[in-house]
Amino acid sequence: MQDQYRTVARAGVHEIEISKSRFLCALAPAATEEEAQAVIARVRKEHPTARHHCFAYVLGADGGIQKASDDGEPGGTAGVPMLQMLVRREVRYVVAVVTRYFGGVKLGAGGLIRAYGGVVGEALDAVGTVTRQRFRLVTVTVDHQRAGRLENDLRTTGRAVREVTYGAEVRIEVGLPEAELAAFRAWLADTTAGTARLELGGEAYAEV
C-alpha cells in the first residue's frame with residue numbers, strides 16, 4: 001500500500017472561456033467508481049443543454065484505476081488530457097468533469113487538448129489539494145485516573161487521536177505511522193507506568 005497520497009481538498013467548480021466556448025471543470029473527491037459516476041451524472045443533470053460532458057478520474061492510493069471519456073469530442077482531445085493532468089499532478093480519489101458550451105468557433109485538436117487539460121489544472125489550483133497519510137490504528141485501554149492526562153499527552157505530542165470511548169475503562173483510538181509503533185509502545189509504557197494496554201487494529205488514511 002502507498003504510505004500517502006494527494007487528493008482534492010474539497011469539491012469545486014472552475015470556469016474558463018476560450019474563443020467564446022465555456023469550459024466548466026467540476027472537481028470532486030470520489031472513493032469508488034460508483035461515486036465518480038454519480039458525480040458525472042449530477043453534472044450532466046445540472047447542465048442539460050451543454051454539448052459535451054467529458055470526464056476523467058483516478059482512484060486508488062496508487063492510482064490503479066484510471067478512466068477518461070471524450071464524450072463526443074474528437075478522440076484523445078478531452079478525456080485523455082484531463083486524465084494526464086490529474087496523473088501529472090499526482091492526485092488520487094478524484095473525478096473531473098468538464099462541461100463545454102460551444103461558442104461557435106472551432107478550436108482544433110491542439111486547442112481542445114490545451115483547453116481541457118488546462119481547465120483541470122486551473123481547477124486543481126483553485127480548490128487546492130491535501131496529503132493523506134497511511135496510519136496503523138491502535139487502541140489504548142487505560143484506567144480513568146490516567147486517561148485525561150494520557151489523552152492530553154497524545155494530542156500535545158502530535159499523535160492522531162481518532163476516538164475516545166468511556167466505559168469501565170477508557171479506550172483511546174490513535175492513528176500511527178507504522179514505523180513509529182515500537183517507539184510508541186515504549187513511550188506508552190513509560191507514560192502510564194506499564195498500566196495501559198495496546199491493541200493493534202487495521203489501517204486507514206488520514207489528512208496530515
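Computed over heavy atoms, backbone and side chain alike; hydrogens, waters and symmetry mates excluded. All figures in this text were calculated on a predicted structure; none of them were measured in a lab. Throughout, residue positions are numbered sequentially from 1 according to the sequence presented.
- The nearest pair of heavy atoms linking V98 to M82 is CG2-CE, 3.5 Å.
- Counting heavy atoms from C-beta on, the side chains of L86 and L124 come closer than 4.5 Å.
- In this structure, the side chains of C25 and V97 stay at 4.5 Å or more apart for every pair of heavy atoms.
- I18 and M85 fall within the same hydrophobic cluster, where Ile, Leu, Val, Met, Phe, Trp and Tyr residues are linked whenever their side-chain heavy atoms come under 4.5 Å apart, directly or through other members.
- For the side chain to side chain contact (heavy atoms under 4.5 Å, CB included) test, residues two or more places apart in sequence or in another chain that qualify with A109 are T77.
- Members clustered with V170: V138, V140, V142, L150, L154, V161, V164, Y166, I172, V174, L176, L181, F184, W187, L188, L198, L200, by chain and number, using a 4.5 Å side-chain heavy-atom cutoff among hydrophobic residues.
- To the nearest 0.5 Å, atom OG1 of residue T129 and atom CZ of residue R10 are 11.5 Å apart.
- In terms of heavy atoms, P29 sits closest to A11 at CD-N, 4.1 Å.
- In this structure, OG1 in T156 is found 10.0 Å from CZ in R149, a value given to the nearest 0.5 Å.
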Test ring pair (Phe, Tyr, Trp, His ring centres under 6.0 Å) applied to Y5 and Y205, step by step:
CA-CA 9 Å; Y5 66 88; Y205 284 92; 5.0 Å; yes
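- Taking both residues in full, the closest heavy atoms of S21 and R100 are given as OG-NH2, 3.2 Å, listed atom of the first, atom of the second, then distance.
- Contact annotation: the side chain of R159 never approaches that of R155 to less than 4.5 Å [non-hydrogen atoms, C-beta and beyond].
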Under 3.5 Å, side-chain donor or acceptor atoms of residues 37-49 against the rest of the protein: list the pairs with distances, not counting sequence neighbours.
unit_1, atom_1, unit_2, atom_2, d
R42, NH1, E46, OE2, 3.1
H47, ND1, Y101, OH, 2.9

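- A salt bridge does not link R171 to E163: none of the charged nitrogens lies less than 4.0 Å from a carboxylate oxygen.
- Side-chain N or O atoms of H52 include one that pairs as donor or acceptor with a backbone N or O of D71 at under 3.5 Å.
- E33 and Y57 share a side-chain donor-acceptor pair at under 3.5 Å.
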For H14 and V119, run side-chain contact (heavy atoms from CB on, under 4.5 Å): C-alpha distance rounded to whole Å, both residues' side-chain angles, the deciding distance at 0.1 Å, then the answer.
CA-CA 7 Å; H14 181 74; V119 71; 4.2 Å; yes
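- Within the 3.5 Å criterion, the main-chain N or O of R92 finds a donor-acceptor partner in the side chain of T7.
- In this structure, the side chain of H144 engages the main chain of G167 through a donor-acceptor pair within 3.5 Å.
- Side-chain contact between R136 and P177 is absent, with no heavy-atom pair separated by less than 4.5 Å.
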From CA spacing to verdict: side-chain contact (heavy atoms from CB on, under 4.5 Å), E122, I16:
CA-CA 9 Å; E122 288 188 21; I16 63 174; 3.2 Å; yes
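- No continuous path of hydrophobic side-chain contacts links V94 to L24 [ILVMFWY only; heavy atoms under 4.5 Å].
- Looking at V58 and L83, their side chains come closer than 4.5 Å, going by heavy atoms from C-beta outward.
- Contact annotation: the side chain of E178 approaches that of E203 to within less than 4.5 Å [non-hydrogen atoms, C-beta and beyond].
- A donor and an acceptor atom, one from each side chain of Y116 and E73, are located under 3.5 Å apart.
- A donor-acceptor pair is defined here as one N or O able to donate and one able to accept, closer than 3.5 Å; no such pair exists between the side chain of E90 and the backbone of V87.
- Annotation for I113 and G76: closest pair CG1-O, 4.0 Å, computed over non-hydrogen atoms.
- For the residue pair A30 and V95, the shortest heavy atom distance occurs at CB-CG1, 4.2 Å.
- Within the 4.5 Å cutoff, the side chain of E15 has heavy atoms near those of the R22 side chain.
- Not a single donor-acceptor pair under 3.5 Å links the side chain of S69 to the backbone N or O of F55.
- Once rounded to the nearest 0.5 Å, the distance linking CG of D190 with CZ of R185 reads 15.5 Å.
- A distance-only check finds no donor-acceptor pair linking the side chain of D3 to the backbone of R134 [under 3.5 Å].
- Of all heavy-atom pairs spanning G12 and V127, the tightest one is CA-CG1, 3.8 Å.
- Using a distance-only test at 3.5 Å, with no hydrogens or angles considered, a donor-acceptor pair links the side chain of D143 to the main chain of Q145.
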